[in-house]
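Lettering of chains follows the sequences in order, A, B, ..., and the numbering in each one begins at 1.
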Protein chains: 2
Amino acid sequence: MVLGFAKLALMTNITRPTLLLDTNKMINNLDRMLTRASRLNVELVPHFKTHQSKEIGEMVKAKGVERCTVSSVKMAQYFAQCGWKDITVAFPFNRLEIAAINEMVSAGVALTLLVTDVDTVRVINKQLKGNVNLMIELDAGYGRSGISTEDGEAIKEVAETIERLEKVNFYGLYCHPGNTYHTNAIEEIRQIWAAAIKKVNFVRHNLQSINSSLKVRMGDTPGCSVVEDMNGVDEIGPGNFIFFDLVMNYLDVCDESDIAVCVACPVVAKNAKTNQVIVHGGGVHFSKDHLFDEQEQKFFGELVVLEDDGWSAIIPDAKLVSLSQEHGVLKVSNEVFEEIEVGDVLGFLPIHSCLTANLMKAYQTLDGQVFEHMEKVF
Amino acid sequence: MVLGFAKLALMTNITRPTLLLDTNKMINNLDRMLTRASRLNVELVPHFKTHQSKEIGEMVKAKGVERCTVSSVKMAQYFAQCGWKDITVAFPFNRLEIAAINEMVSAGVALTLLVTDVDTVRVINKQLKGNVNLMIELDAGYGRSGISTEDGEAIKEVAETIERLEKVNFYGLYCHPGNTYHTNAIEEIRQIWAAAIKKVNFVRHNLQSINSSLKVRMGDTPGCSVVEDMNGVDEIGPGNFIFFDLVMNYLDVCDESDIAVCVACPVVAKNAKTNQVIVHGGGVHFSKDHLFDEQEQKFFGELVVLEDDGWSAIIPDAKLVSLSQEHGVLKVSNEVFEEIEVGDVLGFLPIHSCLTANLMKAYQTLDGQVFEHMEKVF
């Protein structure tokens, strides 16, 4: 008996795929990030795109956090309805959504938007019914969105436009160095941040004659979790850290015991010839994000044993090797195979907790509470 | 002016990612499959996991279809609430959901469940409050779920158990030869089906002394769309054909003009140095399913121009080359780049329409109706 599946009495009400949330782990993750932020003298403006949940937002607020970050105007509307009064939409502003912005501004929500071109600044200013903060999104080498930190002229033009116009307040510079996700060592993450901080502060320095009080905000959980030198950064906006996941564990940014969510999946079939176990848990539960194991084989989640007070450490060599819409195929050793029975409920740590939560659309805590997810209710 | 983006007046109410549905294309796809089924003398029991929509179900019903297939007990409950009275749950039955089955049976829904082991048959029979049909799921070589057609003993044991027990009616044999998705030519799809039909009918023949009226149902859109010889098949249960998508187009199973859904995404930024356009449309809209282009580069969707009456043919060399949670990165030629402006709304054909619809959770038809998706309402 290596697993003790027979004893898994955890929440016997689970009959279909269910996203479990260990609030203790989550609060520990939050406390650790708040302590880091305090020690490194930056303000944590946490990104809520990972949990998208009213109740989890409340737990963050209970720690004294009053500003949050979101990834869409819709998500800003949701958290505004939940009572958040200071929200950053960390996505190049979509000018077609100005009406929703005006509604929130009229309701007294302080909004901070990201811009990357002069025309969008003009459009926002023209159509706004109140005031918003703007940050220029900078690209320090990741290559997704933002003006390149090397494109000083373009940055200056946007900066001057913001400064000149009335309804937009030039708040600062935003940089998400997401290339930290593609690293092999903590030291690389730190180097990416050191380079990005330098580039962003070079921009800030060059804009000093236009605005001398610009804030710098940096994103991404890997950097926010391991960088020790945050000189030149005023605010951080990580999201994933609240739950973490296997990507973060494989980057060595968290311990597997920090991962605060787990998908409970019923076992529906076993195939003794292939040592494969079929669970109800597929692409509509986990997402298709994956990692590669040491043999360069794709996998979509790792097995844990559900226990009365949470879940076990990761069971070695027990991975979801393929997913279709509703099927998950778990490949295990002979020994583990023998212990799993049809009708058991297995736990799986997700590859990418943000996408998994977005698909599961609700959380069940270990003491049986249900927390809502925006995608189900808004 | 190759694209005419300036004229894209289609549905000016679109301000954020929106799943467009061309009901004419959808009805054509449905009519074509019904005509095929009739000509090949099989009954179409369409799989509703692709659309998961009450209104689309109604449009199918209007064609005289009275039986449907779903991929989860939850989806069966949804369509039972929508008035469907004959539903197959095409997934190895999850015994933990027997209470939901009993509720539907009590409400007069004729349910057909899939089984792959003796113990599950016994559990169902013991806990059932009414009667259900059972089909044995067979694996003819795909290797996901189902008893291998070569495992005659195991099949016979399950068959005898079903036949012996009172509340379960032995309805037939179910086979989803999903390996048709991994082919390079129509002829290969036909060969996979020919082999699967032969194997499944060999099983049926061997079970004749146990039950001589077993039905054979085969799944998968590729096979159902192109196989000409369906001798030995009684029922087909394809799902994806209702919308089709780029996977089906790349398999040559549909024309690109058959694809009935398209994700409308606002343009939020442009990067002239890289010819990349950032749209609001990411992994939470499209899913992370992808294809590979001729240079073996991953892509996540292809560009079309939205027009007043639908959308254009695919624009060559204009693909979503990366997705993060909310960002889509579109890579285009110089010429196309010049025509796209921030604030435009672009259309993208999805890689995998089932997963995209599951994430978008609602449809907007070309005449402005909104159709519901189960994931938003149930």
Partners passing side-chain hydrogen bond (donor to acceptor under 3.5 Å, both in side chains) against B:D289 (at least two apart in sequence or in another chain):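 Listed in chain order: A:K288, B:H352.
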B:K74 versus chain A, the contacting section by heavy-atom distance below 4.5 Å: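 Backbone plus side chain of B:K74, per the 4.5 Å heavy-atom cut-off to chain A.
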Point-to-point distance, once rounded to the nearest 0.5 Å, from CG of A:N271 to CG of B:D139: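 A:N271 CG to B:D139 CG: 7.5 Å, rounded to 0.5 Å.
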Atom pair CG/OG1 of B:N94 and A:T15 - distance to nearest 0.5 Å: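 Separation between the atoms: 7.0 Å.
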Worked verdict on A:L355 versus B:Q325 for side-chain contact (heavy atoms from CB on, under 4.5 Å): CA-CA 7 Å; A:L355 296 189; B:Q325 184 164 343; 4.2 Å; yes
Picking from [options], which has the most non-hydrogen pairs under 4.5 angstrom with chain A?
| options | result |
| --- | --- |
| B:S322, B:S324, B:G282 | B:S324 |
| B:Q276, B:E97, B:R144 | B:R144 |
| B:S287, B:P266, B:G146 | B:P266 |

A:E375/B:V284 under side-chain contact (heavy atoms from CB on, under 4.5 Å): CA gap, chis, key distance, verdict: CA-CA 10 Å; A:E375 282 297 306; B:V284 296; over 6 Å; no
Sidechain-backbone polar pair: B:D117 side chain, A:A269 backbone, donor-acceptor under 3.5 Å: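 Here the side-chain-to-backbone pair does not exist.
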Side-chain (A:K376) to main-chain (B:F378) donor-acceptor, under 3.5 angstrom: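 Yes, A:K376 side chain to B:F378 backbone: donor-acceptor pair under 3.5 Å.
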Step-by-step side-chain contact (heavy atoms from CB on, under 4.5 Å) determination, B:L359 to A:N358: CA-CA 9 Å; B:L359 282 158; A:N358 185 73; 3.7 Å; yes
Engaged part of [X] at the chain B interface, taking heavy atoms whose separation is under 4.5 Å:
| X | answer |
| --- | --- |
| A:A100 | side chain |
| A:K273 | side chain |
| A:D151 | side chain |
| A:V115 | neither |

Check against side-chain contact (heavy atoms from CB on, under 4.5 Å), B:S145 and A:H327: CA-CA 8 Å; B:S145 53; A:H327 296 71; 3.3 Å; yes
CD (B:E372) with more than 12 external heavy atoms under 6.0 Å: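 Correct, the count exceeds 12.
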Side chain to side chain contact (heavy atoms under 4.5 Å, CB included) involving A:T50 - partner list, sequence neighbours excluded: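 So A:T50 forms a side chain to side chain contact (heavy atoms under 4.5 Å, CB included) with A:N240, A:I242, A:F243, A:S353, A:C354.
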Side-chain heavy atoms of B:V342 within contact of A:T120, under 4.5 Å: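 Yes. Closest side-chain heavy atoms under 4.5 Å.
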Minimum heavy-atom distance B:V268-A:F91, with the two atoms named: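 Taking B:V268 first and A:F91 second, the nearest heavy atoms are CG2-CE2, 3.8 Å.
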Full working for salt bridge (charged side-chain N to carboxylate O under 4.0 Å, His left out) between A:E326 and B:K49: CA-CA 10 Å; A:E326 305 266 358; B:K49 72 176 183 144; over 6 Å; no
